[in-house]
There are 2 protein chains.
Amino acid sequence: MSELEAVSVAVSPSEKYREYLATQRLRMTRERAIIVEEVFATHEHFDAEQLIQRLNLRQDGKRVSRSTIYRSIKQLEDARLIRKVARQDDRDLYEHDYGYPQHDHLICKKCGELTEFDNDKISELLEEVARGFGFRIEGHRLEAHGLCDKCCRRPRERPKKLNLI
Amino acid sequence: MSELEAVSVAVSPSEKYREYLATQRLRMTRERAIIVEEVFATHEHFDAEQLIQRLNLRQDGKRVSRSTIYRSIKQLEDARLIRKVARQDDRDLYEHDYGYPQHDHLICKKCGELTEFDNDKISELLEEVARGFGFRIEGHRLEAHGLCDKCCRRPRERPKKLNLI
DNA sequence: TTTCCTGCAAAAACTTTGCACTCAC
DNA sequence: GTGAGTGCAAAGTTTTTGCAGGAAA
């Protein structure tokens with residue numbers, strides 16, 4: 001399942017965001033529209049700095065300030081459009097939460113590669129365990145750390161720096 | 001499994017640390033001894049700031065500087081004596097890795113309670129998934145987020161601040 | 001026209017680092 | 001004796017915030 005297909009969704013991320021903002025009596029501004037569009041332009045994982053860079057490079061007048069980007073990332077999290085995946089290089093790494101199926105990650109400690117997978121059995125077992133504690137699960141995060149296929153075979157290769165776009 | 005018993009270990013954490021240092025040709029200093037002792041004095045989860053506070057309160061001359069504590073935490077991680085559990089309030093939270101069985105967590109988003117559990121089936125399934133990708137797992141982290149038993153029953157109670165010791 | 005929002009710069013929060021002195025081996 | 005370790009203060013990073021001007025509804 002490394003090639004996930006987007007789940008068909010009733011409304012676009014921008015629309016979903018607009019709906020969220022409406023429920024909170026907040027406004028859909030030019031900046032928020034630019035950000036949600038940029039965030040959902042690709043399915044790459046990203047961190048705040050990367051998003052700032054992407055929006056800073058734009059010469060089409062669609063620049064958005066650093067503060068606003070930080071503020072919006074939080075809001076997109078609240079709106080359940082994105083969520084934190086992991087920490088990488090002292091930064092929170094985000095991914096799409098809306099319009100994308102639940103999945104977990106295999107994280108290569110050498111090259112940083114993130115492989116997505118999903119396993120219903122694991123989710124079921126987890127539910128079962130939680131039930132035993134009277135715990136109501138709303139979501140989970142499962143990351144396995146180790147060496148990916150490539151890095152197992154070629155252990156001498158030096159790690160890529162993935163944080164610099 | 002909320003009441004885990006410590007696994008019986010051949011050597012104490014301090015001894016394990018000393019061995020690690022020896023393999024790296026590093027030295028067991030007074031400060032490092034104080035830190036490893038304090039870290040393993042209880043099984044509580046902790047973050048850097050909390051450890052600094054604990055060591056700062058001591059009037060017995062066993063104070064250790066902030067820098068050294070940060071440096072040692074990293075080293076204890078490298079030595080596999082402790083490991084990161086999660087992030088809480090923008091800080092990395094650590095727990096014992098040595099002398100304590102592998103386990104995962106149920107994290108209550110309301111009161112912050114951490115419940116530990118272990119399930120071999122889940123670990124096995126994860127291994128199986130990883131094998132399919134040619135991925136070699138060295139460790140994993142599984143956290144379920146939601147509401148604990150108490151908070152399901154009494155949803156109106158206000159969350160405790162757990163970060164202040 | 002009333003809030004809410006943005007950008008900027010400054011601040012905050014956490015962590016790392018340079019350096020001179022000290023100490024373990 | 002010598003290289004590693006420590007404490008301090010200063011700097012580095014990432015993220016947050018106060019505020020004045022600007023813009024949705």
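Reminder, nothing fancy here: chain letters follow the sequence lines and each chain counts from 1.
- When atom types are taken as modelled, the side chain of Asp89(A) and the backbone of Arg91(A) share no donor-acceptor pair closer than 3.5 angstrom.
- Near DNA chain C, meaning a heavy atom under 4.0 Å from it, residues 27-41 of chain A has Arg27(A), Thr29(A), Glu31(A), Arg32(A) in order of number.
- Using a cut-off of 4.0 Å between Lys/Arg side-chain N and Asp/Glu carboxylate O, Asp149(A) and Arg153(A) are scored as salt-bridged.
- Residues forming a salt bridge (Lys or Arg N to Asp or Glu O under 4.0 Å) with Arg66(B) (at least two apart in sequence, or on another chain): Glu49(B).
- Residue whose closest nucleotide on DNA chain C sits further toward the 5' end, between Gln75(A) and Ser67(A): Gln75(A).
- Not counting sequence neighbours, the partners of Arg87(A) by the salt bridge (Lys or Arg N to Asp or Glu O under 4.0 Å) test are Asp92(A).
- Shown here are the side chain to side chain donor-acceptor pair (under 3.5 Å) partners of Tyr17(A), two or more places apart in sequence or in another chain: Gln75(A).
- Bending across the helix from dT1(C)-dA25(D) to dC25(C)-dG1(D), expressed as the angle between its end axes from five pairs apiece, amounts to 40° (10° rounding).
- Note on Lys62(B) versus Glu37(B): salt bridge recorded, some NZ/NE/NH1/NH2 to OD/OE distance being below 4.0 Å.
- Partners of Arg141(A) under the salt bridge (Lys or Arg N to Asp or Glu O under 4.0 Å) rule, at least two apart in sequence or in another chain, are Glu143(A).
- When each of Ser65(B) and Arg25(B) is assigned the nucleotide of DNA chain D with its nearest heavy atom, Arg25(B) is the one assigned upstream, toward the 5' end.
- Residues that satisfy the salt bridge (Lys or Arg N to Asp or Glu O under 4.0 Å) test with Arg27(B), not counting sequence neighbours, are absent from this structure.
- Taking a heavy-atom distance under 4.0 Å as the criterion, the stretch of DNA chain D touched by chain B extends 5' to 3' from dG3(D) to dA9(D).
- Not counting sequence neighbours, the partners of Asp97(A) by the side-chain contact (heavy atoms from CB on, under 4.5 Å) test are Arg80(A), Arg83(A).
- Considering only residues two or more places apart in sequence or on other chains, Thr68(B) meets the side chain to side chain donor-acceptor pair (under 3.5 Å) condition with Ser65(B).
- When the nearest nucleotides of DNA chain C are assigned to Tyr70(B) and Arg71(A) by heavy-atom distance, the more 5′-ward of the two goes with Arg71(A).
- For Phe117(A) and His103(A), the gap between ring centers reaches or exceeds 6.0 Å.
- Qualifying side chain to side chain donor-acceptor pair (under 3.5 Å) partners for His140(A), counting only residues two or more places apart in sequence or in other chains: Gln102(A), Asp104(A).
- Read 5' to 3', the first and last nucleotides of DNA chain C with an atom closer than 4.0 Å to a heavy atom of chain A are dT3(C) to dA9(C).
- Aromatic rings from His105(B) and His45(B) are positioned such that their centres are separated by under 6.0 Å.
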